Asker: 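First the structure, then my questions, so here it is.
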Amino acid sequence: SIVAAGGPVTYREIADELGISSTGHVASGVNALHDRDVVTKEKDGRVTKVDLNTERVDDIRASERRREQSEEVLSSI
């Protein structure tokens, strides 16, 4: 939803995109991603907006590439 919107989205927008009637499960998922610094949350009155932390996502991808390269080196030894 965030990528499709090109910026911050609400829990309701995420739920609608996923075809979920309640935002409770969205909130749980967002909180888990927020704890890992993958998304940011911002309150706008009673509405919480969620956005990707693109720097953190890039760090995760780079870490995964390094892990894969290390596994390849170890398996070739």
Side-chain angles (χ1 to χ4, degrees):
S1 294
I2 297 169
V3 173
V9 295
T10 65
Y11 286 7
R12 171 55 39 212
E13 291 170 314
I14 295 170
D16 290 346
E17 178 78 20
L18 298 173
I20 300 171
S21 60
S22 170
T23 60
H25 294 299
V26 172
S28 296
V30 166
N31 287 337
L33 293 172
H34 184 261
D35 289 346
R36 290 166 180 79
D37 203 26
V38 175
V39 297
T40 60
K41 296 190 308 184
E42 183 178 313
K43 276 282 206 190
D44 184 10
R46 293 178 46 119
V47 177
T48 300
K49 292 198 172 187
V50 182
D51 201 1
L52 279 178
N53 180 350
T54 54
E55 290 178 13
R56 179 66 179 134
V57 172
D58 290 342
D59 290 345
I60 292 168
R61 288 178 179 151
S63 177
E64 180 62 19
R65 279 193 300 275
R66 286 191 301 273
R67 185 189 64 76
E68 288 173 354
Q69 290 169 347
S70 295
E71 287 178 357
E72 288 174 11
V73 168
L74 289 173
S75 68
S76 68
I77 296 178

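Being a predicted model, the structure only gives us computed values, none of them experimental.
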Asker: Excluding sequence neighbours, so at least two apart, what forms salt bridge (charged side-chain N to carboxylate O under 4.0 Å, His left out) with Asp44?
Answerer: none
Asker: Please name the pair of heavy atoms, one in Lys43 and one in Arg46, separated by the smallest distance, quoted to 0.1 Å.
Answerer: NZ-O, 4.0 Å
Asker: Please enumerate all residues that pass salt bridge (charged side-chain N to carboxylate O under 4.0 Å, His left out) together with Asp51, with sequence neighbours excluded.
Answerer: none
Asker: State, to 0.1 Å, how close Pro8 and Lys49 come at their nearest heavy-atom pair, and which atoms those are.
Answerer: CB-CB, 4.1 Å
Asker: Mind checking what makes side chain to side chain contact (heavy atoms under 4.5 Å, CB included) contact with Glu68, not counting sequence neighbours?
Answerer: Glu64
Asker: Please round to the nearest 0.5 Å and tell me the distance separating atom CG of Asn53 and atom CG of Leu33.
Answerer: 11.0 Å
Asker: Could you list all the side-chain hydrogen bond (donor to acceptor under 3.5 Å, both in side chains) pairs where at least one residue sits in residues 19-36, not counting sequence neighbours?
Answerer: Asn31-Lys41
Asker: Quick one: closest heavy-atom pair of Val50 and Tyr11, and the distance?
Answerer: CG2-CE1, 3.4 Å
Asker: As an exercise, state the distance from CG of Asp37 to CD of Glu55, rounded to the nearest 0.5 Å.
Answerer: 9.5 Å
Asker: Do you reckon Val30 sits in the same ILVMFWY cluster as Ile60, going by side-chain contacts under 4.5 Å, direct or chained?
Answerer: yes
Asker: Is it the case that one hydrophobic cluster holds both Val9 and Leu18, taking links as side-chain heavy atoms less than 4.5 Å apart, direct or via other members?
Answerer: yes
Asker: Could you pull out all residues at least two apart from Glu71 that satisfy salt bridge (charged side-chain N to carboxylate O under 4.0 Å, His left out)?
Answerer: Arg67
Asker: Looking at Ser63 and Asp59, would you say the former's side chain and the latter's main chain have a donor-acceptor pair under 3.5 Å?
Answerer: no
Asker: By salt bridge (charged side-chain N to carboxylate O under 4.0 Å, His left out), which residues pair with Arg61, not counting sequence neighbours?
Answerer: Asp58
